[in-house]
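Here the structure is laid out as structure tokens; the discussion comes afterwards.
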Amino acid sequence: MSALSKTDPTSYSNPTECLVEHIHLDLKINFDRHTLSGSAVLSIKKINPETDLILDTRDLTIFSIKNNESKEPLEYTLNEPDGCFGSKLTIQLPELEFFSMEVLIEYETKENCTALQWLPARLTKGKRHPYLYSQCQAIHCRSIIPLQDTPCVKCPFTAKVTAPSDLKVLMSALHEDINEVEGDPAWSEFNFRQKIPMPSCLMSIVCGDITYRDVGPRTRVWAEPELVEQAAWEFAETENMLQVAEELMGPYVWGQYDLVVLPPSFPFGGMENPCITFVTPTLIAGDRSLADVVAHEIAHSWTGNLVTNKNPNHFWLNEGNTMFFERKIDGVLRGGEKLRQFKSLTGWNELQTAVDSLGADNPYTRLVLDMKGVDPDDAFSSIPYEKGHALLFYLEQLLGGPEVFEPFLREYIKHFRFQSITTADWKEFLLEYFANEVKEGKLDEVDWDAWLYGLGMPPVKPHYDQSLGEDVDHLIKRWLECTNDEVDSFYTVDIVDFVPVQMMHFLDELRKKERLSQVKVQKMGEVYLLNSVKNFEVRWRWIRLAIYCQYKEIVEMALEFVAKIGRLHFIAPLYKDLYNWEFSRDRALKTFQETRDNMHYISVLSVERELELDSK
Ligand code: BES
Ligand code: ZN
């Protein structure tokens, strides 16, 4: 096993000795071979004159490595691969009198590249053209570019991407010009520039038959033509969200904020790639009710993309802060402080569920993780999101509420923007900023060790305003207490005033109680129109509740859901539910076998785990 870096337990690179300061990519998209091929020019700065340049790679074919000015070859060694960390690439640098140089690497990705999903035309909406998209976070960028694949390195990049002329290419950058390849109009070159230094996990590319609608002065919504109108309507509030975010966090520095609605196999809800957030089509609910995911990705433009965790141990700094801002933005634009409080409470419940399912002694339940030798995809859970959010929510209360905490957050971002930081940096800044409050003893009760390094649930539960939960709890009680003969007392109007998060809470809580009878489940589906609900968050919870109650009629709908959707947050638990119920187990296995070739690599791995098919 090659030594991993001191600054990042998931990277081989040595940025404290030799730093990549700029990347230029020249890549061709080959749909026939499912590869990207071309070159990367890395501009490097040597900090230690004796050092080699060490890069991360995974499943790359390296053709040559040269000094970009002289075109002299450079000696290099590519180690044997080691699982998710890939192969360490060590490039010998000439004895330099000067400390900067450009290294040119000619290479090609392989078909099994973990960052890319190549979709055949039949898996797109239009069914006419193939589609390609990337997902680099956490450590998949090394499977498309040889680089220092660690968030402690941030660099700007430029790119020229050659692709079929009937398709469009987007990257996590501003678009420059598009030119037809001279003498070959079937191919076009798309040029990009990202001036702001960004970590490798935010590198991204999409190529497909996509088009856009402008929905604001700096926002285009991109999607396949069949979906673009719907998508543009769904995300029409993006500019409002950006404005609220700017009030909370300071100026938006990335220029454009576009969204691209990917095909349903995309394994996440959203991904904050700079200038072009990626989202799952399951956000299209027809009523804008799931746009809080967009608020989340917008918030990352500051927390994560400007102030970045130094390595995956401190991932909570990205996601905990982002959850906190997501709920602030949502509160301002939708249901005020009451809604923020209630969503925060459902976040606490989600944290409890995650701790229960991982086991309270699981090291992944810690806020600050120890990622040495760990595949970040294996450690992924809602813990950093919700434990991180709970800590910030708790601190806000102790320190005197939003009026004092929001200015602190703005300062925090201003202070650390363009940097990559650790939990210690965050804590030191907080204690310094609130020196007076600390003197007054306002933080005396905080058990820092337990919050940051403790296993399981946090040591204290913050106070949450639960008023939005009252009607829901009342309705839950009615369903639990009534007899089968009394189900006619339920009507559609029971839930007519519920906002989606109340409906979600209703279904989540019922799944923690004793099973409802078949008569009740059937009635609930009918009166609340749950079998045709378009909101995927509600639909998913309804299916899970019905499975929990062993309502056989739901299995068809559940299988159709997991066959079509790739979003992990939905399908991993749903596959697990189906697998744990003997009645549906074989059909779940069969559906997975039939659809796995259409699924994203990350989804396949985690569903395999749920279905006990993994070899690990
Ligand atoms: N950056 C994450 C997605 C991610 C994290 C991908 C780690 C790979 C590794 C993104 O911002 C995110 O958190 N997405 C959530 C949405 C959200 C509203 C909680 C998701 O996809 O569910
Ligand atoms: Zn996030």
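Worth knowing before you read on, the calculation uses all heavy atoms, side chains too, and leaves out hydrogens, waters and symmetry mates. Counting starts at 1 for both ligands and their atoms, in listed order.
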Is the centre of the Phe405 ring less than 6.0 Å from the centre of the Phe324 ring?
yes
List ligand 1 atoms under 4.0 Å from Phe315, heavy atoms only on the residue side.
5 (C), 7 (C)
Under 4.0 Å from any heavy atom of Glu326, which atoms of ligand 1 are there?
18 (C)
Counting only heavy atoms, which portion of Glu272 has something under 4.0 Å from ligand 1: side chain, backbone, both, or neither?
side chain
Is the gap between the ring centers of His415 and Phe429 under 6.0 Å?
yes
Residue Gln135 vicinity, atoms of ligand 1 by number, heavy atom under 4.0 Å
6 (C), 8 (C)
Atom 13 (O) of ligand 1 - nearest protein heavy atom and its distance:
Tyr385 OH, 2.6 Å
Tyr212 ring centre to Arg220 NZ or CZ under 6.0 Å, with the angle to the axis within 45°?
yes
Residues Tyr133, Gln117; criterion side chain to side chain donor-acceptor pair (under 3.5 Å); working and verdict:
CA-CA 6 Å; Tyr133 69 84; Gln117 192 174 25; 2.6 Å; yes
Interfacing atoms of ligand 1 (cut-off 4.0 Å, heavy-atom, His300):
11 (O)
N, O or S atom within His296 nearest to the Zn ion (ligand 2), by name:
NE2
Nearest-neighbour protein heavy atom for atom 2 (C) of ligand 1, which is reported as residue plus atom name and distance
Glu319 OE2, 3.3 Å
Are Pro15 and Gln148 side-chain neighbours, meaning at least one heavy-atom pair lies under 4.5 Å?
yes
Specify whether Phe268 and Phe380 have parallel, tilted or perpendicular ring planes, treating 30° as the upper limit for parallel and 60° as the lower limit for perpendicular.
perpendicular
His296, any N or O under 3.5 Å of ligand 1 N or O:
yes
Would you tell me which option among Gly269, Gly270, Pro267 has the nearest heavy-atom contact to atom 14 (N) of ligand 1?
Gly270
Does the gap between the ring centers of Phe561 and Phe536 come in under 6.0 Å?
yes
Note: ligand 1 atoms sitting under 4.0 Å from heavy atoms of Phe380 are 5 (C), 7 (C)
Looking only at N/O atoms, are Glu297 and ligand 1 under 3.5 Å apart anywhere?
yes
Give the numbers and elements of all ligand 1 atoms closer than 4.0 Å to a heavy atom of Arg567.
22 (O)
Hey, do the aromatic rings of His505 and Phe498 have their centres closer than 6.0 Å?
no
Pi-cation contact, Trp302 with Arg417 (under 6.0 Å, within 45°):
no
Quick one: are the ring centres of Trp426 and Trp316 less than 6.0 Å apart?
yes
Vertex the Zn ion (ligand 2), rays to OE1 in Glu319 and NE2 in His300 - rounded to 10°
100°
Starting from atom 5 (C) of ligand 1, find the nearest protein heavy-atom neighbour and note its residue, name and distance.
Gln137 OE1, 3.4 Å
